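What follows is one structure encoded as structure tokens, with my remarks underneath.
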Amino acid sequence: MRLCRFETNHLGPRIGCLVDDSSLVDLAEVGINQMELLLESDDNLSRLEHLSREKLPRLALSSVRLLPPVERQEVWAAGVTYLRSKKARMDESEFSATAYDRVYDAERPELFFKSLAEKVVPTGESVGIRRDAHWSVPEPELALVLNSRGKIVGYTIGNDMSSRDIEGENLLYLPQAKIYRGSCALGPWIQLGAAESVAREWKIRLKIQRQSETVFSGETSVDQIKRRFDELAEFLFRSQVFPHGAVLLTGTGVVPPDTFTLKEYDVVEIEVTGIGFLRNPVMTV
Ligand code: DO4
Ligand code: MG
């Protein structure tokens, strides 16, 4: 089942449940106006399956604007969870190479705060590249959707936009390299209920278009993530509370070559098979 947030020219933010690839039902029709309640309930899947079979009015997906699939959750991210990411970071920075090398093998993962829900960019809206950076890349990542008890209740697609020159200059600049206007996109919806073993069969694909030419494409498999999902979730929730749940990006395994930087008006397309597509144009911020 796929759960989304949407609006139309006439309807304010609503929660929708996709019934197929091109239509959804508006859950406001049955009094559901928040995703949080569904994500907290243990029988969310059966409730939604039941509701999508009811004779609720359907809306064409093409007639709605999808909103970020987060309400009040903090968005966090894991780093250096793929061998490819460790190599890229070590290459970009002599200064920080040992830190990346060590964290890949350490028991404790790298976890960092990424975004407030209200700052997340949905599919179709622009992600940002910093005007003071000269090496900007998207990071296509599987994102875990966790409820307030730390249970993985679904998945979405994340783009952990990053300024690699700023990050490479000094590890202490990581928050500036990773957290700025338009640096976090999530969407298009939440895929509920897949077991980790199923999600590990999914592929993550990145395509970057520049004036209708593909200037980069690459692919990895979710199964290349070194750490188990529940291990990442357990560390995130250690000595921490998330009353509204959290979203945790699981790291990138697709890295464009070091000669590549994003430019304004590029379009970043991320596919996670099993979820869908997250597409965002790029703007300078
Ligand atoms: O410390 C650098 C960030 C790593 C990251 O975002 C990733 O591996 O995806
Ligand atoms: Mg990342």
Side-chain angles (χ1 to χ4, degrees), residues 74-106 108-115 119-121 127-130 133 135-145 155-180 182-187 199 202-206 208 216 218-229 231-233 235-236 246-258 260-262 268 270-272 278 280 282:
E74 291 175 29
V75 183
W76 284 67
V80 199
T81 49
Y82 289 79
L83 199 55
R84 180 70 191 91
S85 177
K86 176 180 100 154
K87 184 181 176 322
R89 314 287 155 188
M90 290 178 73
D91 290 350
E92 101 198 339
S93 171
E94 212 178 297
F95 184 83
S96 316
T98 48
Y100 293 123
D101 196 22
R102 282 190 202 184
V103 81
Y104 184 75
D105 291 314
R108 184 186 291 276
E110 177 195 8
L111 297 177
F112 57 93
F113 177 76
K114 180 68 188 174
S115 184
K119 294 187 174 183
V120 170
V121 173
V127 287
I129 48 175
R130 290 182 67 117
W135 185 12
S136 302
V137 292
E139 293 191 354
E141 307 191 9
L142 176 71
L144 311 179
V145 178
Y155 305 86
T156 188
I157 305 174
N159 182 351
D160 172 23
M161 292 287 291
S162 303
S163 315
R164 291 195 58 195
D165 52 327
I166 297 176
E167 164 185 291
E169 191 178 334
N170 189 321
L171 255 189
L172 298 179
Y173 295 154
L174 197 71
Q176 293 173 75
K178 292 281 192 181
I179 309 164
Y180 56 87
S183 64
C184 179
L186 292 177
W202 297 342
K203 301 273 180 264
I204 300 179
R205 300 192 179 113
L206 169 65
I208 302 168
F216 175 79
E219 167 176 324
T220 191
S221 157
V222 172
D223 203 29
Q224 296 296 310
I225 299 176
K226 186 185 184 218
R227 297 175 188 265
R228 291 191 330 275
F229 299 168
E231 177 190 341
L232 293 172
F235 268 101
L236 183 66
V247 174
L248 178 60
L249 278 65
T250 54
T252 189
V254 183
V255 183
D258 292 357
F260 179 87
T261 186
L262 282 172
V268 178
I270 302 172
E271 178 186 9
V272 177
L278 174 65
N280 301 95
V282 173

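Computed over heavy atoms, backbone and side chain alike; hydrogens, waters and symmetry mates excluded. As the structure lists them, so they are numbered: ligands from 1, and atoms in each ligand from 1. No experiment lies behind these values; they were computed from the predicted model shown.
- The distance from ligand 1 to the heavy atoms of Asp160 drops below 4.0 Å at these ligand atoms: 6 (O).
- Between the CG atom in Leu249 and the CH2 atom in Trp76 there is a gap of 13.0 Å [rounded to 0.5 Å].
- Atom 1 (O) of ligand 1 has as its closest protein heavy atom Glu110 OE2, 2.7 Å.
- Among heteroatoms of the N, O or S kind in Glu141, OE2 lies nearest the Mg ion (ligand 2).
- At least one side-chain heavy atom of Val282 sits less than 4.5 Å from a side-chain heavy atom of Val268.
- Less than 4.0 angstrom separates some heavy atom of Gly79 from each of these atoms of ligand 1: 4 (C), 5 (C), 7 (C), 8 (O).
- Using bins of under 30°, 30° to 60° and over 60° for the plane-to-plane angle, the ring pair Phe216/Phe260 lands in the tilted bin.
- Residue Phe112 approaches ligand 1 through these ligand atoms, each under 4.0 Å from one of its heavy atoms: 6 (O).
- Scanning the protein for heavy atoms near atom 6 (O) of ligand 1, the closest one is Lys178 NZ, 2.7 Å.
- Of all atoms in ligand 1, numbered sequentially from 1 with element shown, those under 4.0 Å from a heavy atom of Tyr100 are 1 (O), 2 (C).
- Rounded to the nearest 0.5 angstrom, Asp160 CG and Ser115 OG are separated by 10.5 Å.
- Per-residue contacts place Glu141 under 4.0 angstrom from the following atoms of ligand 1 (heavy atoms of the residue considered): 9 (O).
- Protein heavy atom nearest atom 7 (C) of ligand 1, with residue, atom name and distance: Arg89 NH2, 3.4 Å.
- Nearest heavy-atom pair across Phe229 and Ala199 is CE1-CB, 3.9 Å.
- Per residue Glu139, closest N, O or S atom to the Mg ion (ligand 2): atom name OE1.
- Asp160 has its closest N, O or S atom to the Mg ion (ligand 2) at the position named OD2.
- Shown here is Lys226, whose NZ atom has more than 12 heavy atoms of other residues, nucleotides or ligands within 6.0 Å.
- Side-chain atoms of Leu171 and Tyr100, non-hydrogen and from C-beta on, do get closer than 4.5 Å to each other.
- When each atom of ligand 1 is checked for a heavy atom of Gly251 under 4.0 Å away, the hits are 9 (O).
- Close N/O approach between Ser85 and ligand 1 is found [any backbone or side-chain N/O within under 3.5 Å].
- Residues meeting the side-chain hydrogen bond (donor to acceptor under 3.5 Å, both in side chains) test with Asn170, sequence neighbours left out: none.
- Taking 4.0 Å as the cut-off between side-chain N and carboxylate O, Glu110 and Lys86 do not count as a salt-bridged pair.
- The atoms of ligand 1 that sit less than 4.0 Å from any heavy atom of Val80 are 4 (C), 7 (C), 8 (O).
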